Amino acid sequence: MTAVATPETPETTSETATRMPRRTRSAAWLRERGMGATILVSAISAAFGVLLLSATGYIAAWVDADPYLGGGETVTVVLGILSVLLVGVAIYVAAIVTANTFATIVAGRVRRIALMRLIGASARSQRGEVARQGLIVGTLGAAVGLVAGVAAAALLLWWGGNALGLDVAYDILQPVLVLPAAVVALTTWAGAWSGSRRVLSVTPLQAIAGSTPRRHDEAAASRGRNVAAVALFVAGAALLALGVVVGMLNPLGVVVAFVGGILSFSGLALGAVLIMPPLLRLTGRLFGRSAPARLAAENALRYPERASRMAIGVVMGVTLVVMFAVANESVKAVMTASSGGEPPAEMMRVMDTFAAIMMGLVAVSAFIAGVGLVNLLTIGIVQRRRELGLLRALGLTSAQVRRVVLLEAVHVTITALLFGLVLGVVYGWVAAQSLLGSVSVPPAWSSPTLVAPAIPWLPVLVVVVATALLTAVATVVPTRLATRVTAVEALAE
């Protein structure tokens, strides 16, 4: 409070409000928790897009050069559609993860934003600053991802050529590879802008009085968001069904289904604050009635937005991996039914190779979800120092506080895993059916073809085990941070 020694007028206060962010911005904010993870997510997403374009381009060149499949218009169209759709999935994943990360970062900046509002800064200028930071970290991550993606694609295609005995002339350096990096940078900016919408509701009074996260009933009271979530989900579900119907006539049905998948999952993501907290509390009740177990279960309703962000990220990762596994198995079922038995061995070899490459690429999305989970858990612990200190003051031991944090992560993982498995099976079957339902396969050349979802149990088991390992790894840093919080230090903040 030594600033009283210098008289201030409204003009100087306003001038300070416009100058302070630029002086304090520099590069210090890059060291803030969450920024490094956002750069990593952007880099992975850009590399993911580059790998997808390179892989599908390589497969298209291989198919074109294959004496059995060369010149097949259907295969070329299918590969082109898949290339566009898979890049769209990568961008969509990046957008959701980035928006969730910045929403959590902004939640931890409420007091600082309120202080800036108190000295004259506008809410729009503060939100613009967050969006600019998103653009910067997105550009940095996209540049790193472009380089890493090209290098990884070269290594992957070299391995594919040697391990599978393929001799395909394909130039890895394509101008189109810049597109995923550019789109990821812009998507990160858009995600930061979307995630920072809470800035508009921060008032100068919160700099003095402080603020608390919204409860479940408060978060669920947003009528506009609820209506939008229901409308998106219903429209998406209708398009998914329409995609299956169109797919019985033309492979372009998968485009309709893709739009339906994006809309329906967007509806679920938007309405996650309504759906996930009650499910998380229900899961939490399975872990007993001890104090840590009850606290962890009730925290889903006390902090619905944070819990929903963590859960929807894991749901997205599980859904993507299971979707591609089920889609691959269902594609085989469709082709088998269309051929009247076993389809040609050469065609099945192409499909198996394509599926192996795609599954390897899609597994990257699970890593993105893991980064998001670790990041949100860590930021959440830092932002809950006062709460954890109060728990210590009330008598909870370090081991009990650690168990609360661990159980919260376990609740998120179990609930999101079950939710993602269901969504993955539905989306995977719809993708296969809408893409190949109208395609005729020798020798029977039967079409249209409608089959039941085919579930590959081994990949599903791998997803379950990998998700359990993800939980174990994701909680290492947050639980350590939680046990370092002392009652005196936390309550003094």
Side-chain angles (χ1 to χ4, degrees), residues 30 35-65 79-80 82-95 97-98 101 134-189 191 316-317 320-321 324 350 352-372 374-375 466 470 473:
L30 282 171
M35 292 300 179
T38 303
I39 294 175
L40 179 60
V41 166
S42 299
I44 295 172
S45 301
F48 189 32
V50 170
L51 278 170
L52 287 173
L53 286 180
S54 299
T56 51
Y58 181 81
I59 293 173
W62 168 38
V63 169
D64 188 59
L79 287 174
L82 286 177
S83 178
V84 173
L85 298 187
L86 290 173
V87 173
V89 168
I91 294 170
Y92 183 74
V93 170
V97 172
T98 301
T101 299
L135 181 60
I136 292 172
V137 297
T139 303
L140 289 174
V144 173
L146 177 61
V147 175
V150 170
L155 183 63
L156 177 66
L157 300 187
W158 172 82
W159 170 84
N162 290 326
L164 302 176
L166 304 178
D167 185 15
V168 180
Y170 181 75
D171 187 6
I172 191 66
L173 296 177
Q174 303 280 348
V176 72
L177 297 183
V178 179
L179 182 61
V183 173
V184 164
L186 293 175
T187 302
T188 306
W189 168 78
M316 183 169 53
L320 279 172
V321 176
F324 276 89
V350 172
D352 287 340
T353 303
F354 178 78
I357 295 175
M358 290 299 105
M359 282 298 294
L361 294 175
V362 171
V364 176
S365 65
F367 184 72
I368 294 176
V371 172
V374 173
N375 191 35
L470 168 65
V473 173

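Below, each value reflects all heavy atoms present in this structure, side chains not excepted, and no hydrogens, waters or symmetry copies. Throughout, residue positions are numbered sequentially from 1 according to the sequence presented. This is a predicted model, so every value here is computed, not measured.
Residues passing the side chain to side chain contact (heavy atoms under 4.5 Å, CB included) test with A185, sequence neighbours excluded: T139, A142. Scored by the side chain to side chain contact (heavy atoms under 4.5 Å, CB included) test, L186 finds no partners at all (sequence neighbours excluded). Not a single side chain to side chain contact (heavy atoms under 4.5 Å, CB included) links A47 to another residue, sequence neighbours left out.
Residues A46 and A181 come closest through the heavy atom pair CB-CA, 4.2 Å. Closest approach of V50 to V150, counting heavy atoms only: CG1-N, 3.7 Å.
If you run side-chain contact (heavy atoms from CB on, under 4.5 Å) between W189 and each of L135, I136, V184, only L135 comes through.
Under the 4.5 Å side-chain criterion, counting only non-hydrogen atoms from C-beta, V137 is in contact with T188.
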